[in-house]
Every structure is written in structure tokens, then in C-alpha cells.
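The sequence lines fix the lettering, A, B, ..., with proteins before strands; numbering per chain opens at 1.
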2 protein chains.
Amino acid sequence: MTTAKTGAKNAGIAILLVDDHPVVRQGYRRVLEHQDDFHVVAEADNAANAYRAFKSHQPDVVVMDISMPGASGLEAIRNIRARDADARVLVFSMHSEAAQVKAAFGAGASGFVTKGSEPAELIAAIRAVARGEHAMSDDVARVLAMDSLTPSKSALDQLGEREIEILRQIAAGSTKEQIASNLNLSTKTVQNYHYLIKAKTGMRTDAQLVRLAVECGLANL
Amino acid sequence: MTTAKTGAKNAGIAILLVDDHPVVRQGYRRVLEHQDDFHVVAEADNAANAYRAFKSHQPDVVVMDISMPGASGLEAIRNIRARDADARVLVFSMHSEAAQVKAAFGAGASGFVTKGSEPAELIAAIRAVARGEHAMSDDVARVLAMDSLTPSKSALDQLGEREIEILRQIAAGSTKEQIASNLNLSTKTVQNYHYLIKAKTGMRTDAQLVRLAVECGLANL
DNA sequence: ATTCCGTTGGGCAAATTTCCCGATCTGCAT
DNA sequence: ATGCAGATCGGGAAATTTGCCCAACGGAAT
């Protein structure tokens, strides 16, 4: 029952949990705290709070679900890494699309584990990233391996980050005015992206774009 | 440590957990077993196993995530209810689409709680359905209430046969030229239908139309 | 330094959307 | 029969959007 107020660095691994679902978060917390060298020092339910919590708690490992409403979890990872290059972020995601995994590591994540993995895999991954290593669950490794074998599998590889974000919002059903407002762009720029995305991916209709986005794990339903 | 082999009915509430994500399932289990009148008597990770587990354990309440790979969770609910009309199934879902909620209750669910709810809401809902009542979390109630206010009831009821066919093809990704050709219409007529469908359903973008079509079972993926 | 690329937008003709309307062809009730 | 309601099919015209080009800027790579 060491409350680890001043400096828990010597004892165990201080963890920040980020997930927008309270029940799910509670669940992880209990699972993780069963390991007696783990201490969940803070929780957050969105990207902004995650960054704030990171600043004030300086956890050893951030365990983060990147599919959150509002600002992308990738944003949060970048913010955290910008502030502390030694920060360890372990992404804990529902999906395991190659593009998403790459994006996560590109943003500075140290690990990627899907929610379909066994608890033991999560725990092992947390220990690994705390040690400074990189880690990913078996299914993620398999997806990534398959992806590296195919030449142009994802279709998202050819899209820039902004383009992907706009594709996601289009697929989510947002109007271009909403997207422009969300991203602080002119509607004209959003239109241009919309055109560019269709040109790059070879899709002819918006419906095809939605299907593409869903296939790539950018959107659900 | 009562193993509840012969009859735990008198003591507490026997629960069957169904969710395809092991870590998530473990998490709920711990959260629920913190209530000392709850007993998680079995777990299942898909619809078929859920039905088998229900038969052999006869739980008081089944807590089920309906978004599982393979057979629909709705199928599982229907199977369970077909075998035991008194079975209580509480759906514990990621999303809270009005259509999904209705489908769940239509299949025989006694409650619907989203994973975004507070643990206390889940726990209260389990107690309620165990008592034979119906329960849903606040956000689900809000979504359902909003839905019942909109004139777009089932969304498809207000569409004619041709309109539905065109909506399906739009959702399938066909261009209006392809649709016109498929149905022997002028592209102009297809355009008019496209407009009409959006007007009738209240959808603003094609992406929203795709989602609507998918929700209504008109298109898959 | 220079080149490439992602991002942001302007411009403008061509295409599309958005509504409005009328014409058939049902079925159904008067 | 007659009429009425509604589904289906398209014309027309204004408003809007798309398709595609170009320009400017900052950052990363060379």
C-alpha cells in the first residue's frame, strides 16, 4: 500500500491510463494493479486531459486507446513526446490496421497492443516499454508483417496525415463545413482535399470512400 | 468462496459475461465481482459459446457485447430467449445507435448499457434486470428519446421501393451513371432520387446515407 | 542552397445539386 | 365511373459543388 507520493520511480512502474470509456478504464486499472509493481497514478478520458495528466504525474508508461472522440490520440502522443522525448507510450487499441500501427509508431509510440490480446501480453508489453524496449502483441506483428509483404496494400500509405484525417471525417458523415470548422480550414481547402483523396485512392464516389475508410479501420460501421 | 454448484439462486446474482476481448472481459469481471452479491459464473467470447454457456450455467443475467465477430450477438440473444423465455440479457455495447438499441430489445434483451457509462450504471442495470425490470443507461435513453421524436421512424418505411433500390446502389458505391444504366433510368432521374432520399431521411451527406443503408441492412460493410 | 512534399487556398469552367414543376400509371375508395 | 393519393419518371433553372489548374509557404531531405 505504498502511496508512492514523492517518488515511486525506484519501486515500480507508474502508469497513466487513457481511454474514453470509464468502465473499460476501470477494468484495465484493476487488471494492471494486480501486478504489484504497477501503479496507475492517473487516468484521462481524452487527448487534452492525457497531456495535462502526463505533465503533472510524469508516469513511466502511458497506456492509451487512440480511438477517442475529438482530438486524435496520435496528437496526444506527439504532444507528450514533444515535451519529453523519453516518454513511453503504449497504444492499446481496438483495431490493428497496419496503417494505424505505423501511424502510432510514427507519432512516437513505443508499443502497440490490441484489446483482443491476453492480459499477460499487455502486462509484458508494459514491462518491455518501461525498460525502453519496443513491444507489440502477436496479432499486431502479424498484421504488420503481412502489410510489409504487399506492395500497396493499405491505399492509405499514399495519403498524408491531413488527408487521412479529412477522409475519416468524411466517412464519419461530417459535412465539409463541419470539417472545415473542426480543423480550422476554409471549406475550399476541404473540398480540395476531398478531390485529392478521391484522385489518389481511385475512388469515384463518396460511398466508395466510406467503404475504403472502414476497410482501413479509419471509421466504424 | 461458495462455488455455487447446485443452486446459488438464493444468495446473489449469477452472471454470464460475453465479450470477444479477453482483457475487456477480465476487466468487467473484476469490476462486477467487487459487488459481493454478483457471481460471474462463466464467460464466452462469441455467440455460439454464449449459448452453450447459458445452457450449462443457467445464469440470472447475461451481460453481452453484441458487436462480436461471426454470428451476431442478436442471434445469441434470440437463441437464449427461445430456450428460456425468462432469460435476462443485458446488452453492453460500444455504440448507442437507436436502430441497434431497438434491434436488441426486439431480440429480447432486457437492458442496454453503453461502455461509456459509469460502472455504477452497469451495476444498477444488472440489479434491475435481475429483478425482472428493463434498464438502460442515460445516454441510451437520450438517443432513443431523440429518435422517437424525429419523423424518420425506421427511416426506410418512408421510402418507396425504387428509392430503396437506388439508396442501396448508392451505398454500394455505384456512380449515378451506373445506377441509371442498371435500372434503365435517365441519370437525371437518379439524381432526383438521390436528392429525394436525402430530403426524406434527413441525411446531409452521402457518407451518412451509406451509414443509414448499413444500419438498415441494405448494404454490408 | 535547392529540391521535394505536404498543406493551404484562389480561380473558373463544367458538372451537380436543389428545388420546383408536370405527366403517367397504378390502386383504392367513393 | 370518377376522383384522389401516391409512386415513378423526368424537365428546367438557379445555386452550389466539383474537377483541375496554379501559387505560396514551411519543413525535411539532399
Side-chain angles (χ1 to χ4, degrees), chain A residues 71-72 74-75 77-79 81-82 85 99 102-103 105-108 152 154-171 173-210 212 216 218, chain B residues 151-171 173-210 212-213 216 218:
Chain A
S72 161
L74 296 176
E75 276 291 300
I77 296 177
R78 247 176 255 114
N79 290 148
R81 298 272 304 181
K102 285 180 185 173
F105 279 107
S152 74
S154 252
L156 288 190
D157 300 350
Q158 54 194 328
L159 296 182
E161 200 158 330
R162 237 354 30 154
E163 293 165 332
I164 288 180
E165 178 57 29
I166 286 175
L167 171 56
R168 163 157 59 226
Q169 298 207 25
I170 288 172
S174 305
T175 65
K176 60 180 148 343
E177 286 82 6
Q178 290 174 320
I179 297 172
S181 160
N182 291 342
L183 302 179
N184 266 99
L185 297 175
S186 72
T187 62
K188 178 61 196 185
T189 298
V190 175
Q191 283 175 182
N192 279 336
Y193 273 114
H194 189 254
Y195 164 74
L196 239 193
I197 293 166
K198 281 200 278 186
K200 281 191 178 182
T201 59
M203 299 296 129
R204 304 207 142 277
T205 70
D206 284 6
Q208 290 172 2
L209 280 184
V210 173
L212 176 72
C216 296
L218 274 185
Chain B
S152 67
K153 301 286 186 293
S154 230
L156 287 193
D157 300 350
Q158 56 194 324
L159 296 181
E161 205 140 328
R162 258 290 105 125
E163 291 164 335
I164 288 181
E165 178 56 29
I166 286 176
L167 171 56
R168 162 159 49 227
Q169 299 207 23
I170 288 173
S174 306
T175 65
K176 61 177 142 335
E177 286 81 7
Q178 289 173 318
I179 298 174
S181 161
N182 291 341
L183 301 179
N184 267 101
L185 296 175
S186 73
T187 62
K188 178 62 202 202
T189 297
V190 175
Q191 282 176 188
N192 278 336
Y193 273 114
H194 191 338
Y195 165 73
L196 237 194
I197 293 166
K198 282 200 275 185
K200 282 192 179 181
T201 59
M203 299 296 127
R204 304 209 138 279
T205 71
D206 283 5
Q208 290 172 1
L209 279 185
V210 174
L212 177 70
C216 296
L218 272 186

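Without hydrogens or angle criteria, B/Gln208 side chain to B/Arg204 main chain gives a donor-acceptor distance under 3.5 Å.
Legend: residues meeting salt bridge (charged side-chain N to carboxylate O under 4.0 Å, His left out) with B/Arg168, ordered by chain and number and at least two apart, are B/Glu165. Applying the side chain to side chain donor-acceptor pair (under 3.5 Å) criterion to B/Asn192, with sequence neighbours excluded, gives no partner residue.
Closest of all the heavy-atom pairs between B/Ala171 and A/Ala207 is O-CB, 3.9 Å. Contact record, A/Glu163 with A/Ile197: O-CD1, 3.3 Å, taken as the closest heavy-atom pair.
Bracketed by its first and final contacts, the part of DNA chain D lying under 4.0 Å from non-hydrogen atoms of chain A reaches from D/dT17 to D/dC20 in 5' to 3' order.
Between the CZ atom of A/Arg204 and the C1' atom of C/dT16 there is a distance of 16 Å, given to the nearest Å. Between the P atom of C/dG6 and the CD1 atom of A/Ile164 lies a distance of 11 Å, rounded to the nearest Å. Here C/dA15 presents its P atom at 14 Å from OH of A/Tyr195, a figure rounded to the nearest Å.
Contact check for A/Leu183 versus A/Gln169: side-chain heavy atoms found under the 4.5 Å cut-off. Looking only at side-chain heavy atoms (C-beta outward), A/Leu209 and A/Lys198 come within less than 4.5 Å of each other.
B/Thr175 OG1 to B/Asn182 CG: the interatomic distance, rounded to the nearest 0.5 Å, is 8.5 Å. Taken from CD1 in B/Ile179 to OG1 in B/Thr189, the straight-line distance is 12.0 Å, to the nearest 0.5 Å. Taking NZ from B/Lys200 and CG from B/Leu167, the interatomic distance works out to 11.5 Å, rounded to the nearest 0.5 Å.
Closest to the side chain of A/Arg162, from the set C/dT8, C/dT16, C/dT18, is C/dT8. With distances taken from any side-chain atom of B/Lys176 to the nucleotides C/dT7, C/dT17, C/dT8, the minimum falls on C/dT17.
Over its length, the helix from C/dA1-D/dT30 to C/dT30-D/dA1 turns its helix axis by 30°, as judged from the five terminal pairs at each end, rounded to 10°.
Contacts with DNA chain C (heavy atom under 4.0 Å) in residues 186-194 of chain A: A/Ser186, A/Lys188, A/Thr189, A/Asn192, A/Tyr193, listed by number.
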Tabulate atom names and distances for all N/O pairs under 3.5 angstrom spanning the protein and nucleotides 23-26 of chain C.
none

